[in-house]
Amino acid sequence: SSNDLTDIRNFVSSNRTPVNPEYFGAAKGMNVIYISMESLQNFMIGKTQNGQEVTPFLNSLVNDENTFYFDNVFHQVGQGKTSDAEFMMANSLFPLPSGAVAMEKAQNTYQAQPAILSQNGYTTASFHGNNKTFWNRDQLYKSFGIDKFYDSAYYNMSEDDVWNYGLKDKPFFKESMPYLTELKQPFEAKFITLSNHFPFDMAPGDTDFPAAETNDKVVNGYFQTAHYMDEALEEFFGYLKESGLYDNTMIVMYGDHYGISTNHNRAMQQVTGEEITPYKNAQLQRIPLYIHVPGTKGKVVHEYGGQVDIRQTVLHLLGINTNDFISFGSDLLSPQHREIVPFRNGDVVTPEYTSVGDKCYANPTGEEVDLESCKPFKEYAQKMLDYSDKLVYGDLLRFYEPRGFQPINPEDYDYTTDQT
Ligand code: GP9
Ligand code: MN
């Protein structure tokens with residue numbers, strides 16, 4: 001109801017964090033590329049196997065002079081996995097407690113980032129080497145106001161180039177370049193990688209990187225598929241440099257969700273050298289986040305945050321004021337960034353404490369402590385999730401008109417293939 005909307009608006013505006021004047025507008029007018037790094041968890045950054053780095057390219061970006069690398073950012077997805085992460089990038093709302101929001105609520109009214117950017121002069125596009133109907137994206141993207149959707153119909157899906165969930169990452173980036181360079185600038189383009197997907201196996205001959213040496217095939221293969229994705233990312237950066245796009249494009253790369261579930265705790269104990277307790281498992285939900293901004297001095301950022309925070313961070317770097325939009329996230333570069341990270345299942349991580357189920361742990365020892373220590377932020381996190389759920393289930397943005405924002409009409413978008 002509109003009463004609910006008023007409560008939500010009050011909650012969101014009383015929790016607003018100020019922008020950081022040092023970075024606001026640092027990427028003004030630039031293109032934006034998002035890369036969804038399939039299943040990549042942060043523990044893989046810096047990891048080695050037989051003395052070789054698993055992700056040498058991503059490791060090199062940690063200290064790149066124009067890159068912000070965030071080492072305490074967590075995924076917040078539910079059952080919608082990749083699509084839940086996309087939903088957070090676009091809306092700074094939480095996905096749903098059960099089911100995929102892309103399946104359940106694609107027809108809602110949204111005031112999504114592609115629509116916002118499009119009304120700031122941007123062309124918006126998404127690239128994905130699988131069918132456009134996967135995760136109901138062809139519906140969802142219309143509600144987000146995404147102009148162009150390059151799905152498998154635009155790629156050479158030859159047997160050699162396809163494995164597991166779709167087009168392999170290397171041909172995916174390579175074949176995307178002609179489409180990308182044709183987009184009218186400035187653009188926002190999203191790339192959804194697929195090769196590092198469960199069960200993490202590879203076509204024979206696609207890798208000579210050593211597998212991990214546990215008794216668990218899934219964990220062992222993860223090292224190889226992650227290495228392949230890392231190589232593909234490096235190639236993509238090469239293409240961007242060759243095309244000249246690199247110098248006026250902000251690149252946002254994020255792990256979409258965990259790759260290794262708790263079914264593999266025993267092998268993960270071998271990989272991390274520690275028993276995977278519920279506390280440790282929560283810590284393992286970190287995903288890598290990189291934001292590369294040409295001409296801006298980057299740094300390693302240790303703020304605790306989640307995927308819901310990324311939209312605020314990116315829009316502020318682009319110099320776009322977000323006060324009129326309903327966002328649950330808080331700019332990771334804000335001097336007052338809020339370090340409370342709700343997981344979609346209600347667990348919560350802060351710099352000091354970790355709440356898992358009905359237990360409270362102190363960081364970094366994982367020692368169990370009195371519930372009172374977790375209570376204040378656990379309640380706050382629950383409130384955030386509840387308000388977000390109320391908004392999404394009730395489709396409440398249809399009653400809200402951000403100043404200067406033109407409502408999106410999904411019927412204005414058409415992803416039927418005009419190529420081939
Ligand atoms: C397929 C890709 C994988 O389109 O998004 O989906 P996931 O299983 O990771 O959600
Ligand atoms: Mn995924």
Side-chain angles (χ1 to χ4, degrees), residues 9 11-35 64-74 76 85-94 110-122 124 144-145 185-190 248-254 287-341 384 388 397 400 402-405:
R9 286 183 64 181
F11 176 81
V12 164
S13 44
S14 64
N15 287 293
R16 193 169 289 144
T17 49
V19 303
N20 187 335
E22 196 183 336
Y23 300 120
F24 188 81
K28 198 171 178 60
M30 289 185 192
N31 305 311
V32 189
I33 288 178
Y34 279 88
I35 305 174
D64 176 82
E65 60 167 339
N66 302 126
T67 300
F68 298 93
Y69 166 66
F70 301 79
D71 62 0
N72 285 313
V73 169
F74 295 73
Q76 296 168 302
E86 290 181 73
F87 182 79
M88 283 184 272
M89 297 304 132
N91 297 292
S92 194
L93 301 171
F94 291 98
Y110 293 108
Q111 288 127 20
Q113 181 168 313
I116 297 170
L117 290 187
S118 143
Q119 294 174 24
N120 279 275
Y122 278 73
T124 58
F144 289 0
Q185 298 187 42
F187 59 70
E188 181 201 54
K190 168 168 58 187
N248 63 336
T249 300
M250 160 159 74
I251 305 171
V252 181
M253 299 195 278
Y254 64 95
I287 46 100
L289 169 66
Y290 294 88
I291 303 181
H292 179 267
V293 184
T296 294
K297 186 148 178 24
K299 58 181 177 184
V300 179
V301 182
H302 303 300
E303 290 290 306
Y304 277 59
Q307 289 167 325
V308 80
D309 297 326
I310 298 176
R311 181 174 93 158
Q312 296 292 93
T313 312
V314 168
L315 285 174
H316 292 165
L317 283 165
L318 291 172
I320 294 173
N321 189 307
T322 57
N323 285 349
D324 288 321
F325 298 105
I326 295 183
S327 314
F328 283 85
S330 142
D331 182 343
L332 292 160
L333 296 171
S334 163
Q336 289 171 44
H337 166 70
R338 189 175 47 238
E339 295 189 279
I340 298 177
V341 191
M384 282 178 94
S388 177
L397 289 177
Y400 181 61
R403 233 185 315 166
F405 180 84

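Treat the numbers as computed from the prediction; the structure is a model and nothing was measured.
Scanning for salt bridge (Lys or Arg N to Asp or Glu O under 4.0 Å) contacts around Asp324 gives Arg403, with sequence neighbours left out. Partners of Asp71 by side-chain contact (heavy atoms from CB on, under 4.5 Å), not counting sequence neighbours, listed by chain and number: Asn42, Tyr69, Val300, His302. Partners of His337 by ring pair (Phe, Tyr, Trp, His ring centres under 6.0 Å), not counting sequence neighbours: none found. Residues that satisfy the ring pair (Phe, Tyr, Trp, His ring centres under 6.0 Å) test with Phe68, not counting sequence neighbours, are Tyr23. Annotation: ring pair (Phe, Tyr, Trp, His ring centres under 6.0 Å) contacts of Phe94 (sequence neighbours excluded): none.
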request  = Assess whether side-chain contact (heavy atoms from CB on, under 4.5 Å) is satisfied between Asn321 and Val19, documenting all intermediate values.
outcome  = CA-CA 9 Å; Asn321 189 307; Val19 303; over 6 Å; no
Working for side chain to side chain donor-acceptor pair (under 3.5 Å), residues Thr17 and Gln336 = CA-CA 6 Å; Thr17 49; Gln336 289 171 44; over 6 Å; no
message = Run Leu333 and Leu317 through side-chain contact (heavy atoms from CB on, under 4.5 Å) and show every step you take.
response = CA-CA 9 Å; Leu333 296 171; Leu317 283 165; 4.1 Å; yes
request  = For Thr249 and Val32, run side-chain contact (heavy atoms from CB on, under 4.5 Å): C-alpha distance rounded to whole Å, both residues' side-chain angles, the deciding distance at 0.1 Å, then the answer.
outcome  = CA-CA 5 Å; Thr249 300; Val32 189; over 6 Å; no
request  = Would you please test Asn66 and Val293 for side-chain contact (heavy atoms from CB on, under 4.5 Å) and show each step?
outcome  = CA-CA 6 Å; Asn66 302 126; Val293 184; 5.8 Å; no
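Minimum interatomic distance between Met89 and Ile310 (heavy atoms only, all atoms of both residues): CE-CD1, 3.5 Å. Nearest heavy-atom pair, Pro335 versus Pro18, reported as atom, atom and distance to 0.1 Å: CD-O, 4.1 Å. Between Asn31 and Pro186 the shortest heavy-atom distance is OD1-CA, 3.0 Å. Minimum heavy-atom separation, Arg311 to Ser327: NH2-OG, 3.1 Å.
No close placement of the Tyr290 and Phe70 rings is indicated, their centers lying 6.0 Å or farther apart.
Ring geometry for Phe144 versus Tyr110: interplanar angle over 60°, hence perpendicular rather than tilted (30 to 60°). Taking the six-membered ring for Trp and thresholds of 30 and 60 degrees, His316 and Phe24 have ring planes inclined between 30 and 60 degrees apart.
Considering only heavy atoms from C-beta on, Met253 stays 4.5 Å or farther from Tyr34 through its side chain. Considering only heavy atoms from C-beta on, Gln185 comes within 4.5 Å of Asn248 through its side chain. At a threshold of 4.5 Å between non-hydrogen side-chain atoms, the residues Gln113 and Leu315 count as touching. Side-chain contact check for Asn120 versus Ile320: some heavy-atom pair is nearer than 4.5 Å. Between Ile33 and Val252 there is no side-chain heavy-atom pair separated by less than 4.5 Å.
For the atom pair Phe187 CZ and Met30 CE, the distance stands at 12.5 Å (nearest 0.5 Å). Rounded to the nearest 0.5 Å, atoms OH (Tyr254) and CD1 (Ile287) are 9.0 Å apart. Of the inter-residue distances, the one linking Tyr304 atom OH with Asn72 atom CG reads 4.5 Å to the nearest 0.5 angstrom. A distance of 3.5 Å separates CE in Met250 from CG in Leu318, rounded to the nearest 0.5 Å. Atom CG of Asn20 and atom CG of Asp331 lie 7.5 Å apart (nearest 0.5 Å). With rounding to the nearest 0.5 Å, the separation of CG in Leu117 from CD in Glu188 is 5.0 Å.
For the pair Gln111 (side chain) and Tyr400 (backbone), a donor-acceptor distance under 3.5 Å is present. Judged purely by atom type and a 3.5 angstrom limit, Ser13 uses its side chain to pair as donor or acceptor with the backbone of Arg9. Here the side chain of Gln76 pairs a donor or acceptor atom with the backbone of Val308 at under 3.5 angstrom. Looking only at distances, a side-chain donor or acceptor of Arg338 sits under 3.5 Å from a matching main-chain atom of Asn15. One N or O on the side chain of Ser92 and one on the backbone of Gly329 form a donor-acceptor pair closer than 3.5 Å. With Thr313 contributing its side chain and Leu332 its backbone, the two residues share a donor-acceptor pair below 3.5 Å.
Among pairs with a residue in residues 292-310, none fulfils salt bridge (charged side-chain N to carboxylate O under 4.0 Å, His left out), at least two apart in sequence or across chains.
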